[in-house]
Amino acid sequence: MSIGQEAVELLLVELVRSAALTSRQVILVSAHGGNAQPVTRAVRRLRSEGRNVLTWAPRWDGDAHAGRT
């Protein structure tokens with residue numbers, strides 16, 4: 001089962017908005033290559049709202065699926 005990229009983006013936006021109530025900075029860690037675009041869009045949106053959010057994604061050759069490395 002899967003959810004679409006728009007749902008992933010909205011989920012991240014809402015989670016970071018909630019976390020920002022008690023944290024000054026949020027770091028999103030994504031190890032699934034398929035989430036790169038929704039994470040990028042979510043971060044862009046959150047930063048435009050003035051939220052301090054960073055992302056980190058591991059880089060490796062081959063299959064970009066979570067847990068693979």
Side-chain angles (χ1 to χ4, degrees):
M1 296 176 65
S2 181
I3 62 174
Q5 289 190 356
E6 289 181 19
V8 172
E9 179 183 347
L10 183 56
L11 176 67
L12 292 172
V13 167
E14 293 299 325
L15 288 173
V16 172
R17 284 175 177 165
S18 177
L21 296 173
T22 56
S23 301
R24 290 182 294 173
Q25 184 176 48
V26 175
I27 300 173
L28 299 174
V29 177
S30 177
H32 192 290
N35 290 336
Q37 289 180 345
V39 169
T40 299
R41 288 191 306 265
V43 168
R44 187 178 306 125
R45 182 173 175 178
L46 290 159
R47 286 180 179 164
S48 75
E49 295 175 359
R51 302 185 196 284
N52 190 1
V53 58
L54 301 172
T55 61
W56 182 82
R59 303 234 185 255
W60 62 86
D61 292 330
D63 197 355
H65 281 89
R68 175 72 76 178
T69 59

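Predicted model only: the values in this text are computed from it and were never measured.
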Leu15, Val13, Val8 screened by side-chain contact (heavy atoms from CB on, under 4.5 Å) with Leu11, the one that passes: Leu15
Arg17 meets the side-chain hydrogen bond (donor to acceptor under 3.5 Å, both in side chains) criterion, sequence neighbours left out, with Glu14, Glu49
State, to 0.1 Å, how close Pro38 and Gly34 come at their nearest heavy-atom pair, and which atoms those are. CD-O, 4.0 Å
Rounded distance [0.5 Å steps], CG in Leu28 versus CG in Leu46: 7.5 Å
Heavy-atom closest pair (Pro58 atom, Ser30 atom, distance to 0.1 Å) is CD-O, 3.3 Å
Is any side-chain heavy atom of Gln25 less than 4.5 Å from a side-chain heavy atom of Leu54? yes
When rounded to the nearest 0.5 angstrom, what is the spacing between CG in Leu10 and CD1 in Ile3? 9.5 Å
For residues 23-47, pull every pair meeting salt bridge (Lys or Arg N to Asp or Glu O under 4.0 Å), keeping only residues two or more places apart or in separate chains. Glu9-Arg41
